[in-house]
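Each remark here refers to the structure printed beneath this line.
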Amino acid sequence: MMKRVKVQQARDEPYVGVNIGTDISNLLPPAQLVSFLQQQKVTHIRLYDADPDILKALSKTKIRVIISVPNNQILGIGSSNTTAANWVNRNVVAYYPDTLITAVAVGDEVLTTVPSLSSMLMPAIEALYSALVASNLHTQIKISTPHASNIILDPFPPSQAYFNETLAPVIVQLLQFLSRTGSPLMMNLYPYYVFMQNKGVVPLDNSLFKPLTPSKEMVDPNTLLHYTNVLDAMIDSAYSSMKNLNVSDVLVLVTETGWPSKGDAKEPYATIDNADTYNSNLIKHIFDRSGTPFHPEVTSSVYIYELFNEDLRSSPVSEAHWGLFYANSTPVYLLHVSGSGEFLANDTTNQTFCVAMDGVDGKTLQTALDWACGPGRANCSEIQPGESCYSPNNVKNHASYAFDSYYEKQGRAGGSCDFKGVAIITTTDPSHGTCVFPGSKIISNRTDAVVNSTNATSEADTSRFIGTRPYKDSFWGLVLGIMLYVNIL
């Protein structure tokens, strides 16, 4: 069982990638974006289009990229083999192998978001595949299409899950294609929305990968398998749904998952702490290679949604707050993934900064600040009026910057963060907004951030339907299913 998947898993280590959306007012220029990805040790990215400037900038790097056909191009590609061939020549052949394109994602959640295109999805996929065959790239580059989790009905317990029967004509063809070409089933899976729709039934800890006592583990009554987190259960519901259609050799690839760091009053669990916990634990979980209860031998790779906050996205508030970083590359929060490799270098578990202590009177801090910027020879240029770290204009902020500059100049030596008892060492990066502290590993974009001229008009923007992300993980029948599914004390 799962023979081909096992072979693929042995060949390809599971990884964590990131999605890069472009609804951003000041997206990093492509060259800086790629430099930032390299610094953060990001090895896999997914784009919602095939941006030529980004693909050029990725050339000769080791970063692997999934490019996408926007939903609004599916009709044309599915209707014309010539259009499909031109798309492949323009967006794949022109860059590969210098740019490591690993897959083409055809549309995004087509079956549930734009069902009118459902009949054209497989013709588009087959036409693009034929174009890859003609270019002899069909073994190196896979083709699939990302789905929302609500293509699966009765997902809890996972052993009872099945694909929505109204979608069967397309799903069956797709799975046959994926099996034949060794391509993955792409799924966008959000435990956040499962939790939000079922508060009081699905515990928060299960959604965040937090350690559980046996009594809190979810148990599938049919298989007696224990589930310690919601994402594994969602992945296994996809495997069970495929099994019900006699497909057992297709790997699940999680093309989107994440947790928002901010929401409105209706989303009180969209917090920095919860987002940090989810994504940090997600990364550890994947790198632990523990698989799922149904398939412990197979660990699905995942793409975190998303790299940057997309400030141009509309309501609800959470839509603009899924990113790990702000657009200027400073972190929204600092992941804690020590021991899980070098992925995402914004983990500062072993990184320290020197900042002003709370509760110190302004006069004492000013004296220490004057010394740091004078005899201490700290670099205080960035806290001058008009510079990036001038705001907030208060002595504590300015002193913290100066203290950290001195601390860095002294090589973080013992005793270099004291300033007569008014400074303290912290592992939390004090960088904020456009202000990047001297000890931060984050790339500064203070002077040369420019507006990406393609942001507002890119085809990806028109095909990503604003407002469809909330509640797209509609696990029908979840409440009833999970009541059977929760371990009986």
- With sequence neighbours excluded, tell me which residues meet side chain to side chain donor-acceptor pair (under 3.5 Å) with Asp236.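 For Asp236 the side chain to side chain donor-acceptor pair (under 3.5 Å) partners, ignoring immediate neighbours, are Tyr227, Thr292.
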- Listed by chain and number, what are the side chain to side chain donor-acceptor pair (under 3.5 Å) partners of Asn394, not counting sequence neighbours?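 Applying side chain to side chain donor-acceptor pair (under 3.5 Å) to Asn394 gives none.
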Would you say [Y] and [X] are linked by a side-chain donor-acceptor pair, where the criterion is simply a distance under 3.5 Å?
X	Y	value
Tyr190	Glu256	yes
Asp276	Ser280	yes
Gln73	Trp87	yes
Tyr406	Asn379	no
Thr255	Asn188	yes
Asn393	Ser391	no

- Item | Check ion pair Glu267-Lys262 (N to O, under 4.0 angstrom) |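 Salt bridge absent between Glu267 and Lys262.
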- Sidechain N-carboxylate O distance under 4.0 Å for Asp108, Arg46: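 So Asp108 pairs with Arg46 through a salt bridge.
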- Is the His285 ring parallel, tilted or perpendicular to the Phe209 ring (thresholds 30°, 60°)?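 The arrangement is tilted - the two ring planes meet at 30° to 60°.
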- So Met187 and Leu185, side chain to side chain contact (heavy atoms under 4.5 Å, CB included) or not? Walk me through it. CA-CA 6 Å; Met187 296 294 300; Leu185 176 67; 4.1 Å; yes
Sub-6.0 Å ring centroid separation between [X] and [Y]:
X	Y	answer
Tyr192	Tyr278	no
Phe195	Tyr269	yes
Tyr326	Phe308	no

- Message: Please find the pair of heavy atoms, one from Glu382 and one from Ser388, that lie closest to each other, and give the distance.
- Response: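 Residues Glu382 and Ser388, closest heavy atoms: OE1-OG, 2.8 Å.
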- Item | Nearest heavy atoms of Thr112 and Ala148, plus distance in Å |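 Looks like OG1-CB, 3.7 Å.
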- Message: Holding to ring-ring contact (aromatic ring centres under 6.0 Å, His included), I want the full list of residues that pass it with Tyr95, two or more places apart in sequence or in another chain.
- Response: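 In terms of ring-ring contact (aromatic ring centres under 6.0 Å, His included), with neighbours along the sequence ignored, Tyr95 is linked to no residue.
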- Task: List in chain and number order the residues that pass ring-ring contact (aromatic ring centres under 6.0 Å, His included) with His398, two or more places apart in sequence or in another chain; answer none if no residue qualifies.
- Result: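 Testing His398 for ring-ring contact (aromatic ring centres under 6.0 Å, His included), a comparison that skips the adjacent residues, returns Tyr390.
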- 4.5 Å side-chain heavy-atom contact, Phe403 and Val355: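 Not in contact.
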- Item | Pairs satisfying salt bridge (charged side-chain N to carboxylate O under 4.0 Å, His left out), at least one member in residues 360-379, at least two apart |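 Applying salt bridge (charged side-chain N to carboxylate O under 4.0 Å, His left out) to every pair that reaches into residues 360-379, excluding sequence neighbours, yields nothing.
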- For Lys60, salt bridge (charged side-chain N to carboxylate O under 4.0 Å, His left out) partners two or more places apart: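 Expected list: Asp98.
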